[in-house]
Amino acid sequence: MINQYPIYIVDDEEDVRASLLFLLESYNLTAQTFDGGKHFLASVDISQPGCVILDSRMPGLTGQQVHKMLIDRGSPLAVIFLTGHGDVPMAVDALKEGAVDFFQKPVDGQQLISALEKAIKWSKNKQTEVIYGNRVKQLTPREREMFSLIAKGYKNKQISDELCISMRTVEVHRSNLMKQLKVKTMAELILIYASLSGTLNR
Amino acid sequence: MAVLSYCGFPHFLYVIMMRSPKNKRMTLIDLLKTKSLIASIMCIVFIAFDSHDVFAQEVSIASSSDHKIINVGVLAHRGHDYAIEKWHPMMLWLEQQIPGYYFRLEPFTNDELELAVKEQRLDFVVTNPAQSVSLSLQYHVTWLATLKSLFHKGSVSAIGSAFAVKADSPYVDIEELTGRRIGAVSENAFGGYLAFVYQANQMKLNVNALFSNVTYSGFPIDQLVYQLKAGDIDAAILPVCQLEAMAKERGIQMADFRVLNDMTPAGGQCLTSTPLYPNWSFAKTQNVPQQLAELVTRALLSLPADHYAATGINSLGWSIFASHDDVDLLLKELNVYPIKVPFIQQVVKWLIENRFWSSLIVIILILFSIYHVILEYRFSKSKRLLLASIKKLNEKGAMLEHAQRVAVVGELGSSLAHEINQPLSVIRNYSEGAMVRIDKGKSAQELRPILENINQQVIKADSIIRRLRLLVKKNIITKEASQLEPLINDVFALLKDYSISHLTSLTVKGESRAVYIDTVGFSQLLLNVIKNAIESCAERKAESAQIQATISVTLKYGPQQVEIYVQDNGMGIKESSEKLMDSFYSTKANGLGLGLAICREVIESHRGTFYIKNRKSQGCLVEILLPLEPVNKDIK
């Protein structure tokens, strides 16, 4: 399943890239290798979900810097850090920033594969978030109000009373909302609301 | 002189007064007046001089222009006045016999007489046999006559020693006086010392013991007799006839004294303890012309025995010069020839005579020697302790160096761990992958390349470990010709992951040659320098994040040496080059401060130079100069 999504390996050491690729291919996985952050960012569509295995210590752009750039550009890519030395503070920071996992070299192959699976899942979710997040951004303020009221369980009648608008208007807004969010059922709408609730109120 | 002046002066006055400008035509009278005028003037001048002697001499000249002054030096062994009193008649006799001469008598002591002869102030010399011999050997004196002794029936042998003791003393033999107080005239006196010493020697007595307590009275000799009489001395070495003469002149009693070792010849009138030697002699110096010498000799020899000039000096006149050979022999034997006593003997003599001071000196010398020995002992002890301390210090120094290297390893620790991890993680990836593939049925042959890759990684890891080991081990310095470039690249590799990421470069100018170096020491030196450069760059990067840290090494090969330049674009240095090189000086919080000091040591052991300074653009430049060949070919 995870074969559908790209895996990237970014490390400045050729031996490390080669050996990691060998390992992944043993598990029937494919990956693209890059010798540095700059090269990677220039070559890849970072808006698509996938997983990046980043070496933390690299000349030029460090792993952390690459990670930050991905976050800034709203990339759904999952990040797994590999590091040669046990640097706990760095690990904590990285995880806080949103890295999916963190491994010390030499890495256990099985663990890496499991982490990759998790990472792909995470990346997919992240992409959904990103998409829906974009859609929500397009909502008008009114639609946004509607969105939160509906999600809270308000009936149309209650909404018209609350917002002091006619029932007809409520229905129109509701329909637009569903179209805008590209959802067909209420359940989907509420789900979206739930998953974005953290970000909506910003 | 006074009489004449008194004659002349009134005459002079008369002339002055009588002389009148009118009388210009006086002839004979004038001449006469002029002559006495001159005489008067001369008299006044002589009065004015106020010198009795000049007067006296001039009387001779004035009385007759032919009179010549003859200086006669006489040994005054019994005093100045005694000599003048006794010898003046002899002078008068000579003047009587040889007209036209004034024989001027001058009394001298022994040394004064010799000096006068040396300075050629004398024409004739009268002295005792010992000095006769001495003078004749050193100066041009010719002996003319020898005195005939009154006490020895006119014999010319009349000199000797009488060893006298008090009559009531218990002494019978000379040996009994060993160590006792003995008085003598002087160590150079013939009759008053030397003759008796010689005699004692001939008698095989222990002379050193016998004469261990001798005091010298000097001239006049009479003192000795009085000292003996008073009991100040136990025995006296007197010139023969001294006692008899004093009995005759001074009234001492012969009965009060006894002479030991009586060798008085039959009929001899003076007691003697030694054989008799020639009497005093009359000599001429080279100032005297032959003719005068003949006249004097004739005059001396013709002196009648009963003339008061002869009897006054207890003699019967003069005889022809007697041989002084036995005196010569004696003097030679006693080793007291005209040449002065050697210094060391004089010193010993002085030391014995001044017993208080000499014992004091000896005690001081002994104390100093003891002190010196103590000092030597303490010094050698101190030296031993010092050497031990130096040895310990060297050991500590070596330990510190080792500590520094270990500390550097510590600082590089995480970077080194990271470095080693690389090959390990690659090995793991390959081996895990291989196992998975084997489970899936891949063949060993397919997987062979993978195993090769694994092997490569092991080799890489090994070289890292080796480099690390080199850093830590205590090295005995061994120098050999080595290429610098691989060493520099190794250091680059060691520091690749240290601190911040940095760019390194190595440039070679000129033809690369092998350099005679201690590879471990050089690696450590370079490691310290480049590590410092990286840290300095890290500091700068903390301030301005966009800076790309660059460390470049340039090798410039010359005919005799290689110059190594290490440049960075870090913070630069704030302290002076010397201060930085001080041991234990560190600007880093956790620094030991030994890094650059060890660099200095390595440089010194290679006879190179090391200089560190700021670049014009921000950063630091280190200049190292190493000779290519060993200096003095020393191999440690």
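Proteins get letters first, then strands, A, B, ... in listed order; numbering begins at 1 in each.
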Discussion item. For a 4.5 angstrom cut-off between non-hydrogen side-chain atoms, does A/Phe22 reach B/Asn429?
Written reply: no
Worksheet item: Is there a side-chain contact between B/Ser425 and A/Val107, using heavy atoms and a 4.5 Å cut-off?
Response: no
Worksheet item: Would you find more than 12 non-hydrogen atoms of other residues, nucleotides or ligands less than 6.0 Å from A/Gln158 atom CD?
Response: yes
Discussion item. Other residues, nucleotides and ligands only: do more than 12 of their heavy atoms fall within 6.0 Å of OH on A/Tyr154?
Written reply: no
Worksheet, complete the sentence: Comparing B/Ile454, B/Val426, B/Ile427 against chain A, the one with the most heavy-atom pairs below 4.5 Å turns out to be B/Val426
Worksheet item: Which region of A/Gln110, side chain (C-beta onward) or backbone (N, CA, C, O), has a non-hydrogen atom less than 4.5 Å from a non-hydrogen atom of chain B, or is it both or neither?
Response: backbone
Item to complete: Could you tell me which residues in residues 437-451 of chain B have at least one non-hydrogen atom under 4.5 Å from a non-hydrogen atom of chain A, sorted by residue number?
Response: B/Arg437, B/Lys440, B/Leu447, B/Ile450
Worksheet item: If you check every heavy atom in residues 547-554 of chain B against those of chain A, which residues fall under 4.5 Å?
Response: none
Discussion item. Determine whether a donor-acceptor pair (N or O, by modelled atom type, separation under 3.5 Å) exists between the side chain of A/Ser26 and the backbone of B/Gly433.
Written reply: yes
Practice prompt. Give, for atom CG of A/Asp15 and atom CD of B/Gln422, the distance between the pair rounded to the nearest 0.5 Å.
Written response: 9.0 Å
Discussion item. Just verifying a value: how many Å separate A/Asp108 CG and B/Glu432 CD, rounded to the nearest 0.5 Å?
Written reply: 5.0 Å
